[in-house]
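To start, the structure under review is shown below, and the notes come after it.
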Amino acid sequence: MIPHRDDDPTKRPVLVESSDFHEVTEIIAAPTETKLNTTWILLLMLSGSFLCLMVGLFGYLFWEGTGIWGVNVPVAWGFAIVNFIWWIGIGHAGTLISAILFLFRQKWRTGINRFSEAMTIFAVMCAGVFPAFHVGRIWVVYYIFPLPNQMAAWPNTRSPLFWDVFAISTYFTVSLLFWYMGLIPDLATLRDRANTKVRKFVLSVFALGWRGAARHWQNYERAYLILAAISTPLVLSVHSIVSFDFATSKIPGWHTTIFPPYFVAGAVFSGFALVSTLLIVAREVFGFKKVVRLHHIENMNKFMLLTGTLVGYAYAMEIFVAWYSGNIYERYAFWNRALGEYWWSYWAMITCNVISPQFFWFRWVRRNLIFTFILTIFINIGMWFERFVIVITLHADFLPSSWGYYRPTWVDWWTYIGTFGMFFSFFLLFLKFLPQLAIAEVKGVMPEASPHFHSHDSSNSSNSRH
Amino acid sequence: MSSTAHTPTAAARAPRVFGVLAEFKNPADVYHAAEKVRDAGYKKWDVHSPFPIHGIERAMGLGDSKLGWIAIFCAMAGAFGGFSLQFWIHRFAYPLLIGGKPLIAYPAYIPVTFEPGILFTAFGCLLGMLALNGLPRLYHALFRSENFKKATDDGFFISIEARDPRFDLAATRDFLSSIGGTHIEVLED
Amino acid sequence: MVDSRDTIQLNSKLAKSTSWFLGAGVLGVLLCAVSYFQDAQTFFASYLTAFSFFLAISLGAIFFVMVQHLARVGWSVTVRRTAETLANNLLILAVLFLPLLLGVHELFQWSHEDVRLVDHLIQSKAAYLNLPFFFIRTAVYFTVWSVLGWWFLRTSRLQDETKDPALSTRMGKVATFGLILFGLTSTFYAIDWIMSIDAHWFSTMFGVYFFAGAVVAFYCTLILVVTWLKSTGHLKTSVNTEHFHDMGKLLFGHNIFWTYIAFSQFMLIWYANIPEETLFFLHRGEGLWKTISLSLPWLHFVAPFLFLMSHNIKRRPALLATGAALLLTMCYVDIYWLIQPNFHQNGPHFGISDVGSLLAVGGFYLFFLIHNLRQAPLIPVGDPRLNDCLSYDNGIPE
């Protein structure tokens, strides 16, 4: 069998189908420099209206209280927490791609990192609104921060919910800084191409006077490396701390030590799925096929296969140890998940998360955009169900007399749908006004970028040095 | 009527020369040119490229970046701050026994020691990088060059500043031209 | 290309050291025999500890080799042969494992019929914790590991001669399935042979914890073996500062991963404080065991973390190897800490049985390692990514 070009161990995969730096600039800068088109405006209006709906529903919640949600006792954590974890999980792909893949020198990441970092930031914003409103009395939400207040009370810092506040806010801030730092050289590129005064002024301000100096690049690269190095444990810590919200408790099905890495694997899984979903559309619409190649999509699919399998391992381990523990409450919790009143959510989770990524074993599926698109949607649905299954475990705890059934209300549903409006509003603005791919980084992985490329025979050096 | 003593001197009014800018064809050319500028003994000079060129610090003879020290300092400050905050809350400000946990419960303090450490380091990295680079700086003599706009697209440049002790307008121009520079411009501050 | 002046074949001087290791192994066997007649249970506990430690190194090695093929890693080619040979040691470990079969009743409370009759928890696990199934599982683990360890070394050596790049592609394919098998077998080995010693205790993270420690132990060993080969005049140019830097980075990163897993497991059990789980840490929180428990965060994490943080250390083989040696010791302490408190509640009991077991398993382990390193070049000379590896550069200014 002749290996496919990207698989040939004697060659490096081709990451950019271009040997001209200027062409790369043109491809990536073009969407930000064209006129607003009608489709984009209509899409923005559509997602903006969902954003307004979300704001309206939070206003309603503010007025009426959490009684308009489906939460009850025992299921005191309903949609708000499910959606919070789902969104924050999606946010993990961005940091994974920009930090962990960077540390592992996975150069193909340059084609997709900007895109997924942006997604991270917007996803974390969507996630953040849920716990904020879930506190009930949003006007005293500042109690969760360690701030001096009129009651001279301080938060209990030994509580996982307090850790959550720090984890999420740190994650959001660090992602934003990381993203902005990556943008500086690209904003300078746009600045130097700007043809109107206003555009030039705004871009000049945000590009901070970047002039591509090697002495600057040296500090910049070191800062990027350190940010990547600290973001890697950060990304692990964030979803781990989210999992601590559950796992530090004594609730059967929640208290299990594998939760931290299992949550992280699931988060990366769903994040890659949403990046793929959006990327497949964006590269068609904006014509990035030379920079975001099928090779990139295939690699993402391999990661989904890997993380999906890890998630499957965690499911299996949970069930096995629940049985092995000999604890009747643990055993019941898992029996009830699979065969109890919410059996459909459990099997939806297994089908979407464990079975659907197995299609990625086949190379033609990994390289088929339509199939990939459908599977990524499945994965995102599955990961939503996973959180639903976990949260809903509350409905049958220790005492049968306190069992209950959770049913989301229309407010729950439309608030969730409203957050998509928020996400896509920001995302559309990003697509239009900022470079969607990292211009400087994409150029940096082209073989022509090597100082040895033009020195030697070019056909040879593209394989031996980078 | 008014003597020259009352108006700014001619020397001060005349634009000062910032330095000389030369363009090179590709990363390899600018890399080898940088080695020659380094060997010629220049100190106040720089290479400009749309992306970091691998190994250029060595070609330029630069030392290691100082950013690591800033990052370590920020990390320790953040972690210390996070831990002290929790210690102070439970020891002094608001001792409250909850869930059977001791007041000073080290395992439970680790997350909020870790997160501020990361947060401070991230700020230290971005702000430290900007500070070390003397940014933000919206005006720079190099921006006067129309050709220099390529430095963020597909151009590779070397600039040698006039404040370098070895700088001599004519000699430096010739030098840059001799090592392969084109579009040589003299820029005024 | 590999520098023709570089020594990539094990020299005869070093090959002579094998007799020392053989001698150590024989001495170890004698000490083991003595301790067995003193106290069989103590002996088996010590032997299981020493065995699991060396097993962890080889399991880390087979994991590393498979990941290199799967991810098509270029930088690691010249150190991969050492890892492959360490992984191939799974064959000798399968033999060294056999004495433990005699100690099942000494090691596992659940294997006693009379205990099972009165203990309803053990009774409820009988479908899993019963001797026939236990032996079948164990046989499966060692079969899978031996085949994987043997196959990757054999195929890589085959490539030395044929230089066929298609073999790399094939090893990549086998690695996918190999990793799945590896994940399951190493998890269940940890559950069966370590966790079930205390049959009441359980943790879903346990397999991951053992795996994380195994990978750390492997990187330490890899650094030590490669440093040793270099210091005896081998691999002068084929393994350079850049490779040490990368091995150091991976050791550093994986040690943080181990810490993350260890902390999460401890914190969750400590926090929830459920009797059947928290006993595990209660046993290890008394007397001298507490000191050993505390040595793990300080000496397995904090000290190596601070030491290995700077690239100035990672780029100096002598310093890096010193750090690796200390960390490897802590990997042994970690496994000791997992197994031994079950047998010596009142405090650690490090003695002749532990020394004997370490000498016996370690002596034969190293003997077999050197023996196999002799059979083929010390680097996979036929690997298509060899040039990538030789020209690899981390870009650190001097």
Side-chain angles (χ1 to χ4, degrees), chain A residues 20-22 25 146 152-159 162-163 166-167 170 173-174 177-178 180-181 185 188-189 191-193 204-205 208-223 226-227 230 233-234 237 241 244 439-441 443-444 448-455 466, chain B residues 26-29 31 34 46-57 59-60 62 65 67-68 71 75 85-86 89-90 93-94 96 98-99 101 105 108-109 111-112 114-116 118-119 121-123 125-126 128-130 132-133 135-140 142-143 148-149 151-154:
Chain A
D20 180 10
F21 298 129
H22 182 67
T25 314
W154 290 86
N156 173 24
T157 71
R158 291 157 300 181
S159 159
F162 179 79
W163 309 341
F166 269 74
T170 301
T173 316
V174 173
L177 295 180
F178 204 177
Y180 180 62
M181 204 176 85
T189 303
R191 171 197 69 198
D192 292 343
R193 293 165 57 90
S204 294
V205 169
L208 307 175
W210 185 261
R211 48 185 192 276
R215 288 166 201 270
H216 293 184
W217 278 122
Q218 194 195 12
N219 289 322
Y220 178 91
E221 283 194 288
R222 182 56 61 85
I226 298 173
L227 272 176
I230 60 167
L234 175 67
S237 81
I241 288 176
F244 290 164
I439 305 176
E441 290 187 44
K443 288 177 189 164
E448 292 78 11
S450 161
H452 307 285
F453 180 79
H454 294 276
S455 313
H466 46 276
Chain B
N26 54 44
D29 283 6
Y31 184 89
D46 221 327
V47 172
H48 303 269
S49 56
F51 49 82
I53 298 172
H54 196 69
I56 193 80
E57 341 42 85
M60 289 175 70
L62 301 182
S65 170
L67 200 73
L85 173 79
Q86 301 178 78
I89 287 176
H90 292 302
Y94 202 65
L96 194 62
I98 299 175
K101 299 281 169 294
Y109 286 3
V112 181
F114 172 79
E115 301 290 342
I118 297 289
L119 185 66
T121 317
F123 274 106
C125 279
L126 181 67
M129 184 272 287
L130 292 176
L132 290 175
N133 290 348
L135 298 175
R137 174 174 178 175
L138 299 191
Y139 168 77
H140 197 279
L142 287 169
F143 292 144
F148 187 69
K149 286 188 173 175
T152 55
D153 180 10
D154 59 353

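What you see below is based on every heavy atom in this structure, not just the backbone, and it leaves out hydrogens, waters and symmetry mates. So that the names make sense, note that chain A is the first sequence line, chain B the second, and so on, each numbered from 1.
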Closest heavy-atom contact between A/I226 and B/G68?
-> CD1-CA, 3.9 Å
What distance separates B/M129 CE from A/L208 CG, expressed to the nearest 0.5 Å?
-> 8.0 Å
Bottom line for B/I118: the part with an atom under 4.5 Å from chain A's heavy atoms is both
Kindly say whether B/Q86 contributes a backbone atom to a donor-acceptor pair with the side chain of A/W154 at under 3.5 angstrom?
-> no
Would you say B/F114 and A/S237 make side-chain contact, with heavy atoms under 4.5 Å?
-> yes
Over all atoms of both residues, closest heavy-atom pair of B/Y94 and A/A152 = CD1-O, 3.5 Å
Which atoms form the tightest heavy-atom contact between B/D46 and A/A213, and what is the distance?
-> OD2-CB, 3.2 Å
Do B/N133 and A/R211 have side-chain heavy atoms sitting under 4.5 Å apart?
-> no
Taking all atoms of both residues into account, what is the closest heavy-atom pair of A/Q218 and B/E57, and its distance?
-> NE2-CG, 3.7 Å
So, A/T189 side chain and B/T152 main chain: donor-acceptor pair closer than 3.5 Å or not?
-> yes
Between B/L85, B/L135, B/L138, which has the largest tally of heavy atom pairs under 4.5 Å with chain A?
-> B/L135
Looking only at A/R191, A/R215, A/M181, most heavy-atom pairs under 4.5 Å shared with chain B are made by A/R215
Mind ranking A/S204, A/P233, A/P185 by heavy-atom pairs under 4.5 Å with chain B and telling me who comes out on top?
-> A/P233
Output the option from B/R137, B/H140, B/M60 having the highest count of non-hydrogen pairs under 4.5 Å with chain A.
-> B/H140
Do A/I241 and B/E115 come within less than 4.5 Å of each other through their side chains, counting heavy atoms only?
-> yes
A/W217 side-chain N/O to B/I56 backbone N/O, donor-acceptor pair under 3.5 Å = no
To the nearest 0.5 Å, tell me how far A/R193 CZ sits from B/K149 NZ.
-> 11.0 Å
Chain A shares the most heavy-atom pairs under 4.5 Å, among B/A151, B/G99, B/P136, B/A105, with B/P136
Are A/F21 and B/P50 close enough that some pair of their side-chain heavy atoms sits under 4.5 Å apart?
-> no
Relative to chain B, which segment of A/E441 carries a heavy atom at a distance below 4.5 Å: side chain, backbone, both, or neither?
-> neither
The interface call for B/L132 against chain A, heavy-atom contacts under 4.5 Å, is both
Side chain from CB out, backbone as N, CA, C, O: work out which of these in B/I98 comes under 4.5 Å of a heavy atom of chain A, or both, or neither.
-> both
Sub-3.5 Å donor-acceptor pair from the side chain of A/K443 to the main-chain atoms of B/D153, do we have one?
-> yes
May I ask you to name which of B/L119, B/I53, B/D29 has the most heavy-atom pairs under 4.5 Å with chain A?
-> B/L119
When the 4.5 angstrom heavy-atom criterion is applied to B/F51 and chain A, the contacting part is both
What part of B/F123 gets closer than 4.5 Å to chain A, counting heavy atoms only: side chain, backbone, both or neither?
-> both
Please look at A/Y180 and chain B and tell me whether the side chain, the backbone, both or neither of the residue comes under 4.5 angstrom of a heavy atom of that chain.
-> side chain
Quick one: closest heavy-atom pair of B/A122 and A/I230, and the distance?
-> N-CD1, 3.8 Å
Taking every non-hydrogen atom, the tightest pair across B/P27 and A/E448 = CG-O, 3.4 Å
To the nearest 0.5 Å, what is the distance between CG (B/L126) and OG1 (A/T173)?
-> 12.0 Å
A/T157 vs B/I89 side-chain heavy atoms within contact, under 4.5 Å = yes
